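One structure below.
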Amino acid sequence: MSYARQLLDSHPRTSGLDAGVLAATIDALTDCAQACTADVDADLGEQDLAEMVKCIRLCLDCVDVCTATAGVVSRLAEYDANVVRPLLEACVAICKSCGDECERHAPHFQHCRVCAEACRRCEQACRELLAVMK
């Protein structure tokens, strides 16, 4: 069981959302931010750095959006769907863009393949949480 799930289960209040879906989204958000951070570091070590600029920028944007969203959705005891929904939608958008760019490099760079997988998982998790929100 993830720390997110343990904390959600031990919280004195509930959000009214499925705790499993919420915990999976938090885990996917933090995993994606970590994968993108590591991918940027690996991208910076590649020989043709000019080819990696778009990937680096999208990964950095993905880190920022996923980190902010993870923080907000981790505090859902009295969440405001008008705030959470646009954040999740932004995550879906950046994870799709970043995942697409990383997939473009995946045949040549293992780190980009891993990052693309994390982006796809996060995109899907955010879509699933959006689907269960009221």
Side-chain angles (χ1 to χ4, degrees):
M1 181 183 302
S2 75
Y3 287 110
R5 181 60 191 258
Q6 291 177 57
L7 288 164
L8 290 171
D9 288 347
S10 66
H11 199 286
R13 296 175 139 176
T14 61
S15 66
L17 296 173
D18 180 290
V21 173
L22 181 54
T25 303
I26 293 168
D27 290 340
L29 287 161
T30 57
D31 288 349
C32 187
Q34 189 279 324
C36 287
T37 298
D39 191 46
V40 165
D41 187 61
D43 289 347
L44 289 169
E46 294 299 342
Q47 226 166 8
D48 188 1
L49 191 56
E51 175 64 23
M52 304 308 293
V53 170
K54 182 176 180 182
C55 189
I56 291 166
R57 286 188 175 139
L58 286 170
C59 280
L60 290 172
D61 289 348
C62 199
V63 169
D64 290 344
V65 174
C66 288
T67 300
T69 303
V72 172
V73 300
S74 293
R75 299 185 298 267
L76 279 180
E78 294 182 27
Y79 80 98
D80 183 344
N82 293 322
V83 173
V84 174
R85 188 171 282 108
L87 285 170
L88 291 169
E89 290 167 348
C91 275
V92 167
I94 188 59
C95 286
K96 177 163 182 7
S97 293
C98 188
D100 288 349
E101 181 64 16
C102 285
E103 278 182 8
R104 198 170 74 75
H105 299 285
H108 305 294
F109 305 118
Q110 173 77 4
H111 53 86
C112 287
R113 185 191 60 75
V114 172
C115 189
E117 289 174 10
C119 288
R120 297 296 182 225
R121 180 174 158 248
C122 189
E123 178 185 355
Q124 183 58 37
C126 289
R127 287 182 192 281
E128 289 172 10
L129 185 55
L130 279 164
V132 300
M133 286 179 63
K134 296 172 179 150

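Both backbone and side-chain heavy atoms feed into the values below; hydrogens, waters and symmetry mates do not. Small disclaimer: the values here were computed from a predicted structure and weren't measured.
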Practice task
Using only heavy-atom distances, determine whether the side chains of Q124 and R121 contain a donor-acceptor pair under 3.5 Å.
Solution key: no

Exercise for the section: In sequence, state the C-alpha distance, the side-chain angles, and the governing distance for M133 and L88, and then conclude on side chain to side chain contact (heavy atoms under 4.5 Å, CB included). Expected result: CA-CA 11 Å; M133 286 179 63; L88 291 169; 3.6 Å; yes

Practice task
Check T37, D39, I94, L58 against V63 for a side chain to side chain contact (heavy atoms under 4.5 Å, CB included) and give me the one that passes.
Solution key: T37

Fill in the blank from the handout: Paired with C95, the side chain to side chain contact (heavy atoms under 4.5 Å, CB included) test is passed by just one of C36, C126, C62, namely C62

Exercise for the section: Using the rule that two of Ile, Leu, Val, Met, Phe, Trp, Tyr join whenever any of their side-chain heavy atoms come within less than 4.5 Å, decide whether V114 and M52 are in one cluster. Expected result: no

Handout entry: Check: R104 and C112 side chains under 4.5 Å, non-hydrogen atoms
Key = no

Handout entry: Donor-acceptor contact below 3.5 Å, side chain R113 vs main chain F109
Key = no

Handout entry: R127 bridged to E123 by N-O distance under 4.0 Å
Key = yes

Practice task
Using modelled atom types only, decide if a donor and an acceptor are shared between the side chain of T25 and the backbone of A125 within a distance under 3.5 Å.
Solution key: yes

Fill in the blank from the handout: Exactly one candidate in D31, D27, L29 meets side chain to side chain contact (heavy atoms under 4.5 Å, CB included) with C122; the answer is L29

Exercise for the section: State, yes or no, whether a side-chain contact exists between C32 and C115 at a heavy-atom distance under 4.5 Å. Expected result: no

Handout entry: Under-4.0 Å salt bridge between K96 and D100
Key = yes

Exercise for the section: Find out whether E117 and R120 are in side-chain contact, i.e. whether some heavy atom of one side chain is under 4.5 Å from a heavy atom of the other. Expected result: no

Handout entry: No-hydrogen, no-angle side-chain donor-acceptor test under 3.5 Å, E46 and H111
Key = yes

Handout entry: Point-to-point distance, once rounded to the nearest 0.5 Å, from NZ of K54 to CG of D43
Key = 13.5 Å

Handout entry: Same cluster (ILVMFWY, side-chain, under 4.5 Å), V53 and L60
Key = no

Handout entry: Any side-chain heavy-atom pair of V84 and V72 under 4.5 Å
Key = yes

Problem - Straight-line distance of I56 CD1 to D61 CG, nearest 0.5 Å - result: 12.0 Å

Problem - Transitive ILVMFWY side-chain link V40 to V65, under 4.5 Å - result: no

Practice task
Decide side chain to side chain contact (heavy atoms under 4.5 Å, CB included) for C98 and C55; before the verdict, give the C-alpha distance in whole Å, the side-chain angles of both, and the deciding distance to 0.1 Å.
Solution key: CA-CA 7 Å; C98 188; C55 189; 6.0 Å; no

